Chemist: 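Quick one: structure below, then a few questions.
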Amino acid sequence: MRAFRPFLALLLGLSLGLGVTAFAGENPLHVLTVLVKGAFGSRYDFGMTLFYMTPLLFTGLSVTVAFRAGLFNIGAEGQLTMGALAAAWVGITWPDAPVGISWLAAWFGAAIAGGLWAGVAGWLKARRGSHEVISTIMLNFIAASLASYVTLYVLKNPESQNPETMAIGTSYQLPGMPGLPDTPVSLALVLALMAAVMLAWVFEKTRWGFELKVVGQNENAAQSAGISVATTQILAMIVSGMLAGGVALGEVLGSAHRFKLGFSPDYGFVGIAVALLARGNPLAVIPSALLFGALHKGTADLDIETENVTRDLALVIQALIIATVSAEGLWDIVDRRRQKKEAARVAG
Amino acid sequence: MSLDEILSLLGSTLRLSSPLIFAAMGGLLSERSGVIHIALEGMMIVGAFAAAVATLSFQSPLAGCVAAMIAGILFSVIYAAVVIPFRANQVVAGTAMNFLAMGIVPFISKLLYGNTGATPSIPLEDRLHWAGPVVAALLLVAGLAWMLARTPVGLWIRFAGEHPHALESAGVHVVKVRWASVLAGGALAALGGAVLSLSLASAYTRNMTAARGFMALAALIFGKWRAPQALAACLLFGFAEAVQNRLQGVSLPWNPEATIPVQFIQMVPYLVTLIVLAGFVGRARAPKALGSTF
């Protein structure tokens with residue numbers, strides 16, 4: 001039953017969310033059609049879905065790593081902001097880096113900035129006992145202000161009225177995906193998929209992956225086994241922030257080729273839903289990110305295609321999916337009914 | 001700094017603290033009974049919106065406050081159901097509630113006003129005078145502190161959060177105590193939201209809570225889950241916000257030509273929260289059974 005839980009939660013969350021639209025006088029089935037058509041209806045729509053899937057892979061993995069160590073990183077939003085800003089800074093200050101080296105340099109910058117930003121919360125948690133949920137939220141707001149300052153005063157694009165930085169060097173631009181030429185989806189998607197596979201390997205095959213799990217499940221047991229809880233937690237947050245910083249690849253190197261203020265439609269928060277639906281499994285983050293990417297693309301069309309329902313429906317559906325997938329007691333009831341049926345079958 | 005300036009700074013500190021105080025007291029009730037309350041932010045959003053809608057419809061801020069409390073209770077029923085009988089991880093479920101509030105409010109706003117961003121402006125005569133919420137907030141702190149320390153109900157709440165099994169053996173339903181505390185806490189936090197839309201601003205606008213629910217939570221932790229100390233932290237955050245408003249347009253000490261960039265001023269309340277949470281709390285002792293299922 002455990003394995004089906006995400007599917008049932010998805011079904012339940014989606015039906016509840018669509019049911020709500022009936023109150024707005026919409027036909028839930030029509031809303032569902034708009035969602036599916038908007039996400040998968042054409043080659044362009046599908047390309048956009050994949051484009052949104054890319055950052056969600058990174059943030060979903062980011063939340064997954066922290067969660068494995070028992071930490072709830074709701075600060076991926078601030079970490080990806082710092083990461084994207086750093087990547088843009090690298091691309092602007094060293095515009096003629098050779099192709100390849102340029103990507104590495106930008107990725108390094110993003111990972112360091114995102115990792116440090118999350119590391120602050122990790123350090124505060126491990127050494128000062130500050131709850132990471134509160135400190136990461138505060139860091140999100142501080143990151144937003146910092147990014148706004150840097151964008152408007154330090155790296156401002158003099159040729160534009162928009163709040164955006166100058167363009168990065170052309171050698172930084174990531175190639176697009178074959179078969180999807182008109183969409184902003186780029187090689188970053190492949191890199192994000194590789195990150196998921198690598199993280200799965202780290203979780204299953206490395207000592208650190210094991211230590212993360214022990215710390216996440218039982219701090220006392222970890223301590224007696226000689227694992228430093230503080231170091232593991234701080235490192236988990238740093239890696240979490242580095243992954244969130246990866247969002248820079250698709251957004252800065254892959255599509256906008258600059259840092260745009262407010263580019264992220266809450267990728268960091270949607271990443272929480274992505275991670276929770278994947279239930280700690282980095283490989284499961286892949287379909288989960290695809291799903292929420294599709295939801296993001298589909299709900300964007302609701303603004304135009306329906307009278308009263310807006311893209312905010314995505315938030316409602318995400319909330320309902322998170323609540324249902326994490327409601328342990330709900331699943332006990334499902335399990336018990338199944339067991340009863342089983343028992344009746346055996347007895348009969 | 002003249003006396004007038006000091007008095008006006010004190011006044012804005014009290015004014016800006018009052019929504020935080022309501023939310024922190026709501027969190028206090030819930031957390032002392034053993035239920036973590038990350039969803040204070042969502043409760044404030046729902047409360048701020050419901051208060052604006054009811055005040056606009058009935059031309060009475062009192063109706064607005066009542067509506068906010070009802071909305072807070074209704075919203076808390078969902079939260080309590082998910083975490084008490086269905087035993088969801090309370091931090092995760094609280095985050096889901098915050099998302100739900102952020103998504104459902106624009107949905108209703110669009111239906112009522114054809115606009116997802118804000119309610120129409122509330123006429124001046126229908127707004128709350130700032131002194132009302134301030135006095136009410138201070139009385140609430142005193143009342144809650146007394147209730148928790150001196151009354152049987154307070155004892156039940158504290159035991160539900162510290163030794164739920166002992167309370168159950170004494171014949172009191174832990175589950176009922178927790179339900180009541182979460183619902184009452186939600187009503188209080190929503191009232192904090194009502195103060196935002198009815199007194200500090202002139203309408204409900206999107207993102208108007210600006211992480212105040214999380215600051216209230218930080219104040220609660222800083223106050224070691226005690227009402228008077230949490231009040232002190234709320235006043236500190238209110239002071240940070242008052243200073244933030246005062247700093248807008250002030251010139252730099254080393255360059256009178258230039259003003260302090262607004263982005264750095266905006267950071268002040270968040271930085272203060274971060275520093276307070278890190279510097280003074282240390283390892284605060286939370287209620288023993290906080291976050292546990294029963």
Side-chain angles (χ1 to χ4, degrees), chain A residues 17 20-21 23-25 67 72 74 120-121 123-124 127-131 133-135 137-142 144-150 152-153 266 269-270 272-273 276 303 307-333, chain B residues 36 38 41-42 78-79 81-89 91-111 114 116 210-211 213-215 217-218 221 261-267 269-284 293:
Chain A
V20 169
T21 63
F23 288 101
F67 217 65
F72 197 38
I74 61 175
V120 171
W123 182 85
L124 286 171
R127 299 281 176 216
R128 310 292 315 177
S130 315
H131 201 299
V133 166
I134 302 173
S135 55
I137 280 280
M138 298 301 142
L139 285 164
N140 283 348
F141 278 85
I142 297 170
S145 292
L146 260 180
S148 156
Y149 178 77
V150 173
L152 296 177
Y153 296 102
D266 285 345
F269 291 107
V270 185
I272 298 170
L276 288 171
D303 291 0
E307 194 84 11
N308 290 320
V309 184
T310 61
R311 61 180 69 208
D312 299 297
L313 184 68
L315 272 166
V316 175
I317 294 176
Q318 281 157 25
L320 292 169
I321 291 176
I322 296 176
T324 39
V325 80
S326 61
E328 298 293 333
L330 189 65
W331 304 104
D332 289 356
I333 298 171
Chain B
I36 301 175
I38 297 283
E41 181 82 2
I78 308 177
Y79 179 59
V82 174
V83 296
I84 302 173
F86 288 138
R87 304 192 319 278
N89 177 322
V91 178
V92 171
T95 304
M97 293 305 292
N98 288 332
F99 286 169
L100 190 61
M102 286 190 272
I104 207 86
V105 165
F107 179 80
I108 301 173
S109 174
K110 170 95 180 175
L111 285 182
T116 59
F214 293 97
M215 288 183 190
L217 206 59
I221 298 172
V262 65
Q263 287 85 1
F264 290 99
I265 297 171
Q266 282 165 349
M267 274 179 217
Y270 306 111
L271 266 177
V272 169
T273 308
L274 204 58
I275 292 166
V276 161
L277 198 62
F280 299 93
V281 180
R283 300 253 172 201
T293 52

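All figures in this text were calculated on a predicted structure; none of them were measured in a lab. Naming: A, B, ... by sequence-line order, numbering from 1 per chain.
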Chemist: Pick one of side chain, backbone, both or neither for Tyr79(B), based on which atoms fall under 4.5 Å of a heavy atom in chain A.
Modeler: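 Tyr79(B) has no heavy atom closer than 4.5 Å to chain A.
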
Chemist: Counting only non-hydrogen atoms closer than 4.5 Å, does Ser148(A) touch chain B with its backbone (N, CA, C, O), its side chain (CB onward), both, or neither?
Modeler: both

Chemist: Could you measure the distance from the CE atom of Met215(B) to the CZ atom of Phe141(A)? Nearest 0.5 Å is fine.
Modeler: 7.5 Å

Chemist: As an exercise, state the distance from OH of Tyr270(B) to CG of Leu139(A), rounded to the nearest 0.5 Å.
Modeler: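 With rounding to 0.5 Å, OH (Tyr270(B)) is 12.5 Å from CG (Leu139(A)).
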
Chemist: Answer whether the closest heavy-atom distance between the side chains of Thr95(B) and Phe72(A) falls below 4.5 Å.
Modeler: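 Counting from C-beta outward, Thr95(B) and Phe72(A) do come under 4.5 Å.
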
Chemist: Nearest 0.5 Å, please: how far is CG in Asn98(B) from CD1 in Ile272(A)?
Modeler: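 Answer for the CD1-CG pair, Ile272(A) versus Asn98(B), is 9.5 Å.
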
Chemist: Classify the angle between the aromatic ring planes of Phe269(A) and Phe99(B) as parallel (below 30°), tilted (30 to 60°) or perpendicular (above 60°).
Modeler: perpendicular

Chemist: Rounded to the nearest 0.5 Å, how far does CG of Leu277(B) lie from CE of Met138(A)?
Modeler: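 Between Met138(A) CE and Leu277(B) CG, I get 8.0 Å after rounding to 0.5 Å.
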
Chemist: What part of Leu271(B) lies closer than 4.5 angstrom to a heavy atom of chain A: side chain, backbone, both or neither?
Modeler: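 Looking at Leu271(B), backbone and side chain both touch chain A.
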
Chemist: Under a 4.5 Å heavy-atom cutoff, which of Val325(A), Leu146(A), Thr324(A), Ile74(A) has the most pairs with chain B?
Modeler: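 Looking at each of Val325(A), Leu146(A), Thr324(A), Ile74(A) in turn, Leu146(A) comes out on top.
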
Chemist: Side chain, backbone, both or neither: which part of Leu111(B) has a heavy atom under 4.5 Å from chain A?
Modeler: side chain

Chemist: What's the shortest heavy-atom distance between Leu315(A) and Gly103(B), and which atoms?
Modeler: CB-CA, 3.7 Å

Chemist: Name the option with the most non-hydrogen atom pairs under 4.5 Å to chain B; the candidates are Leu276(A), Asn140(A), Ile322(A), Ile134(A).
Modeler: Ile134(A)

Chemist: I need the residue from Leu274(B), Val105(B), Val83(B), Ile38(B) with the largest number of non-hydrogen atom pairs under 4.5 Å to chain A.
Modeler: Leu274(B)

Chemist: If you look at every heavy atom in Arg128(A) and Ala278(B), which pair is closest and at what distance?
Modeler: NE-O, 2.9 Å

Chemist: So, for Ala88(B) and Ala327(A), which heavy atoms are closest and what is the spacing to 0.1 Å?
Modeler: CB-CA, 3.7 Å

Chemist: Counting heavy-atom pairs under 4.5 Å with chain A, which one of Ile108(B), Asn89(B), Ile265(B), Ile104(B) comes out on top?
Modeler: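 So the answer, after comparing Ile108(B), Asn89(B), Ile265(B), Ile104(B), is Ile104(B).
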
Chemist: Under a 4.5 Å heavy-atom cutoff, which of Gly94(B), Pro106(B), Gly114(B), Ala101(B) has the most pairs with chain A?
Modeler: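 Greatest number of close heavy-atom pairs with chain A: Pro106(B).
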
Chemist: So which of Ile142(A), Val20(A), Leu124(A) has the biggest tally of heavy-atom pairs under 4.5 Å with chain B?
Modeler: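 Ranked by heavy-atom pairs under 4.5 Å with chain B, first place is Ile142(A).
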
Chemist: Check each atom of Leu152(A) against the heavy atoms of chain B and say whether the ones under 4.5 Å are side chain, backbone, both or neither.
Modeler: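 Interface part for Leu152(A): side chain.
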
Chemist: For Val82(B) and Ala323(A), which heavy atoms make the closest approach, and how far apart are they?
Modeler: CG1-O, 4.2 Å

Chemist: Can you name the residues that form a side-chain hydrogen bond (donor to acceptor under 3.5 Å, both in side chains) with Thr21(A), not counting sequence neighbours?
Modeler: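 Thr21(A) satisfies side-chain hydrogen bond (donor to acceptor under 3.5 Å, both in side chains) with no residue once adjacent residues are dropped.
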
Chemist: Nearest 0.5 Å, please: how far is CG in Asp303(A) from NZ in Lys110(B)?
Modeler: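 Lys110(B) atom NZ to Asp303(A) atom CG measures 7.0 Å (nearest 0.5 Å).
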
Chemist: Run the side chain to side chain contact (heavy atoms under 4.5 Å, CB included) check on Ile137(A) and Glu41(B) step by step: do they pass?
Modeler: CA-CA 11 Å; Ile137(A) 280 280; Glu41(B) 181 82 2; over 6 Å; no

Chemist: Using non-hydrogen atoms and a 4.5 Å limit, figure out which bit of Met97(B) sits close to chain A: side chain, backbone, both or neither.
Modeler: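 Neither the backbone nor the side chain of Met97(B) comes within 4.5 Å of chain A.
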
Chemist: Using the test side-chain hydrogen bond (donor to acceptor under 3.5 Å, both in side chains), find all partners of Asp266(A) that sit at least two apart in sequence or belong to another chain.
Modeler: none

